[in-house]
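Only one structure is covered here, and it is reproduced in the block below.
Values below: all heavy atoms of this structure, side chains included; hydrogens, waters and symmetry mates excluded. Start at 1 with the first residue, then count along the sequence.
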Amino acid sequence: MDLLEKRFDVVVVGGGIVGLSVALEVQSHGLSAAIVDPGVVTDRASYGNAGVLSRGSIFPMAAPGIRSRLPRYALGRDIAVRARLRSLPHLLPWLTRFLVAAEEGAWRRAAAALDPMVAQAFDRHVAMAELVGGRHLIKRNGWLRLYRNAEELAGSRLEREVLAQQRVSFHCLDEDEIRQLEPHLAHRFTHGIFFPDTGSVESPGELVELYRAAAEARGAAFVAGAADAIIEAEGGMAVRAGNRRIEGRHVVLAAGARSATLAATLGYRFPLAAERGYHRHFELPDGVELRRPVYDAAGGYVLSPMNGKVRLLSGVELARPDDPPDHVQIEAVEPDARRTLAFTQPVEDTPWLGSRPSTPDGLPVIGRAARHPHLVFAFGHGHIGFANGPATGAIVASLVASQKPPLPVEAFSPARFGG
């Protein structure tokens, strides 16, 4: 039967980790699924992240004290965060709400709202990976933040207070303890914070492809192409992609940084920014290893082990999804990262670039659309999308099946943005 003639229970827009998790979860409810996606694996944000399934990633970017740093971000003087000046007019709706959210009370409430979902990230990935033969890609090896002096560690005091309130396990380390965990790092870090309950994925892109293959093996239809619009259909919704119309009883919008554009075709206005990141892989000399992902707080970069190599990831670039690449951040952190770990030549000719969907308050948008009950939103996870894709899939499947969500979702409601 041609796709134009078949009606699915659920049509998912987006084939990244969130969209695939939704498809697999609705299939577990006995529902048919179609996934509309351009099909370019390396274009997805879930392809190029650090692979960290972090128990401690409960904090939105809109943090107390960040307002004073905004001029540095806009002028490119901060290694960790950079804003495209030419993109600022596009980002104004997002930035306005971001400034409101950058208040301690809102920040604490966001952390409390994210905690139940983040707490399940590792176990939900493991459960899904076991179904698709990908368990070997996931390790419980912890996550290490590194500080070069006591003053830097002191700057994390408020975060550590909130982590303790949420019962997130972490240990403050001295220089010798860091060396025991990572003997091949240079001796430039005097303090660290170790998260023992965090895990990592050896190859995020490979795991996502296993999820894709599993959804297809269970009968999901994959429509290769970019969705142009979401439209109403009799008794449901439909997605228009080129000259194709794919109908479903429900449509789930999980198109990452491009979700706001598609939501606008139905009159929903979400302030979404592209939280862009760059990475590059490097070879390691014989006898040198990195045992877990590490974050250099002063250097503004992450080093993550990936299939015998190391992935270097730069900080955040705030821009539009289709802005051209600018390698200034990844090129700036490479010399410093080389002083931390002795890696050699790059594997790729040019760095990878991906866009993550960022909401002003740092909380994802998950829930039914206000004026279209057969449309479910599932986007806006920012830098924690890969880790929390499976949990989001379980939430969305419960909404589609008119069941109680397995996690509290009130704080993620589209209604906070008028959706």
Hits for ring pair (Phe, Tyr, Trp, His ring centres under 6.0 Å) against H281, two or more places apart or cross-chain, chain-then-number order -> H279
Contacts of S203 meeting side-chain contact (heavy atoms from CB on, under 4.5 Å) (sequence neighbours excluded), chain-then-number -> E206, N307
Are E161 and R108 close enough, and set up right, to give a salt bridge (Lys or Arg N to Asp or Glu O under 4.0 Å), and what steps lead you there? CA-CA 10 Å; E161 176 190 322; R108 286 177 177 269; 2.7 Å; yes
Interatomic distance, CD@E289 vs CD@E182, rounded to 0.5 Å, equals 7.5 Å
Here the ring-ring contact (aromatic ring centres under 6.0 Å, His included) pairs for residues 385-419, sequence neighbours left out, are H125-F386
The complete set of ring-ring contact (aromatic ring centres under 6.0 Å, His included) pairs with one or both residues in residues 311-331, sequence neighbours excluded, reads Y278-H327
Residue pairs meeting ring-ring contact (aromatic ring centres under 6.0 Å, His included), one or both in residues 305-326, sequence neighbours left out, come to none
By side-chain contact (heavy atoms from CB on, under 4.5 Å), S156 pairs with (sequence neighbours left out) Y147, L153, R160, I193
For D174, the side-chain contact (heavy atoms from CB on, under 4.5 Å) test, sequence neighbours excluded, returns D176, E177
key: side-chain contact (heavy atoms from CB on, under 4.5 Å) between L210 and L137, worked out   = CA-CA 11 Å; L210 287 175; L137 295 172; 4.1 Å; yes
Applying ring pair (Phe, Tyr, Trp, His ring centres under 6.0 Å) to F282 and not counting sequence neighbours gives F343
Those residues at least two apart in sequence (or on a different chain) that pass ring pair (Phe, Tyr, Trp, His ring centres under 6.0 Å) with F194 are none
For residues 405-419, the side-chain hydrogen bond (donor to acceptor under 3.5 Å, both in side chains) pairs (sequence neighbours left out) are D361-R416
Residues pairing under salt bridge (charged side-chain N to carboxylate O under 4.0 Å, His left out) where one sits in residues 28-57, two or more places apart or in two chains, turn out to be D37-R44, R44-E209, R55-D115
- request: Identify whether the distance between the nearest side-chain nitrogen and carboxylate oxygen of R145 and E152 falls below 4.0 Å.
  value: no
Applied to residues 372-381, the side-chain hydrogen bond (donor to acceptor under 3.5 Å, both in side chains) test, sequence neighbours excluded, yields Y268-H372, H381-T392
